[in-house]
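Some notes on the structure that comes next.
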Amino acid sequence: MDYAKFGILKLDEYLGGGLDRSSINLIIGRSGIGKTVLAAHWAAEGARNDEKVVYISTTMNKFICKSYLGRFGFMKDVFDKINWKFVRWDPKFLMPLTKEKLLEGLELIYGSKSKDVDRVILDSCTDLENTLADVVLYRRAMSILADLAYEYGITALWIEEAPMKEEWSPTKNFAEAVLFLDLLRVPEGYTRAMRILKKYRNSHPLEFFPYEITNEGIVIKDGWFVRKDYEYEFKPSRQN
Ligand SMILES: Nc1ncnc2c1ncn2[C@@H]1O[C@H](COP(=O)(O)OP(=O)(O)O)[C@@H](O)[C@H]1O
Ligand SMILES: [Mg+2]
């Protein structure tokens, strides 16, 4: 099977090879945790394999993007092969929220037909959620986008800002793989760690694994983090 890999050995291995083709996938985490860097790895890996990669950014501009993501080691030789698109959502461009309208809007952003696109990154879908400002509309947009990905053989990676307190948005329900990035409180202070919350079609580790962000990009470190305390403990049945 041909997977859409991140090009990060351990992560691809934990995912059972990489992300499944023609699927919707999600990276979720709070601001500054490493979502954009991780998505950029995935974009770079696609470009390295001569895939057509579109990175839709709703937060960066051209200059920030080049001076930030362009400097990472993993972007060497591939930065200019990625189709960077800097977008500000406008309800005008999204309404009425139909499949035809979204397809037309997306192809305008892509600058080409959907069938020619291999990987799409949407960084972030939280901005889309805020623009639509309505959970029913947002869910509808997400399900249309998911349908379009299947229909046109696009592998999509969406990025979502994790809420500090409120409920998570419905996005994770549409995704076939969900990666959760978080800052864990450990005896030495804090550590970055990620965890596969969901991955269809194969088993995967459940624990948090640590990673670092360096000039080379994301480096997965050895080992796992398991919770020190737990609520339930298994006791074998008493022999009597
Ligand atoms: N070259 C670098 N070396 C080490 N850490 C970096 C480097 N560039 C960014 N970082 C770390 O990555 C964080 C931002 O990661 P990013 O993927 O942009 O976060 P977000 O989850 O908000 O998209 C920064 O706050 C910083 O801690
Ligand atoms: Mg980001």
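Residue numbers run from 1 in the order of the sequence given. When a ligand or atom number is given, it counts from 1 through the structure's own listing order.
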Are the aromatic rings of His204 and Tyr14 close, with centres under 6.0 Å apart? no

Among all protein heavy atoms, pick the one closest to atom 23 (O) of ligand 1 and tell me residue, atom and distance. Thr36 OG1, 2.8 Å

For the Mg ion (ligand 2), does an N/O/S atom of Ser124 lie at less than 2.8 Å? no

Number the atoms of ligand 1 from 1 as they appear, then name those within less than 4.0 Å of a heavy atom of Ser31, with their elements. 22 (O)

Determine the sole option in Leu128, Asp123, Leu145 for which the side chain to side chain contact (heavy atoms under 4.5 Å, CB included) test with Trp158 is passed. Leu145

A student checking ligand 1 against Arg30 at a 4.0 Å heavy-atom cut-off should list atoms 21 (O)

Is the closest basic N to carboxylate O distance between Asp20 and Lys199 below 4.0 Å? yes

Give a yes-or-no answer on whether the side chains of Ser114 and Glu107 include a donor-acceptor pair shorter than 3.5 Å. yes

Apply ring-ring contact (aromatic ring centres under 6.0 Å, His included) to residues Trp168 and Phe180 and explain how you reach the verdict. CA-CA 12 Å; Trp168 285 19; Phe180 178 46; 5.2 Å; yes

Which one of Leu69, Asn215, Thr59, Ile33 has a non-hydrogen atom at the shortest distance from atom 1 (N) of ligand 1? Asn215

Atom 9 (C) of ligand 1 sits nearest the protein heavy atom Tyr68 OH, 3.7 Å

Does this structure show an ion pair linking Asp229 with Arg227, if we count only N-O contacts that are shorter than 4.0 Å? yes

Heavy-atom contact under 4.0 Å between Arg71 and ligand 1? no

Does NZ or CZ of Arg185 fall inside the cone over Tyr190's six-membered ring, less than 6.0 Å from its centre and within 45° of the axis? yes

Interatomic distance, Asp2 atom CG to Lys5 atom NZ [nearest 0.5 angstrom]: 8.5 Å

Looking at atom 8 (N) of ligand 1, what's its closest protein heavy atom, distance included? Phe72 CZ, 3.4 Å

Below 4.0 angstrom from a heavy atom of Gly34, which ligand 1 atoms are there? Numbered from 1 as shown, please. 15 (O), 16 (P), 17 (O), 19 (O), 20 (P), 21 (O)

Atom 20 (P) of ligand 1: which of Gly29, Ala39, Gly32, Ala40 has the nearest heavy atom? Gly32

Do the side chains of Arg48 and Glu45 get close enough for a salt bridge, i.e. N-O under 4.0 angstrom? yes

Look at ligand 1 and say whether Arg192 reaches it with a heavy atom at a distance under 4.0 Å. yes

For atom 7 (C) of ligand 1, state which one of Ile27, Ile28, Ile213 supplies the nearest heavy atom. Ile213

Answer side chain, backbone, both or neither: which part of Leu181 comes under 4.0 Å from ligand 1, heavy atoms only. neither

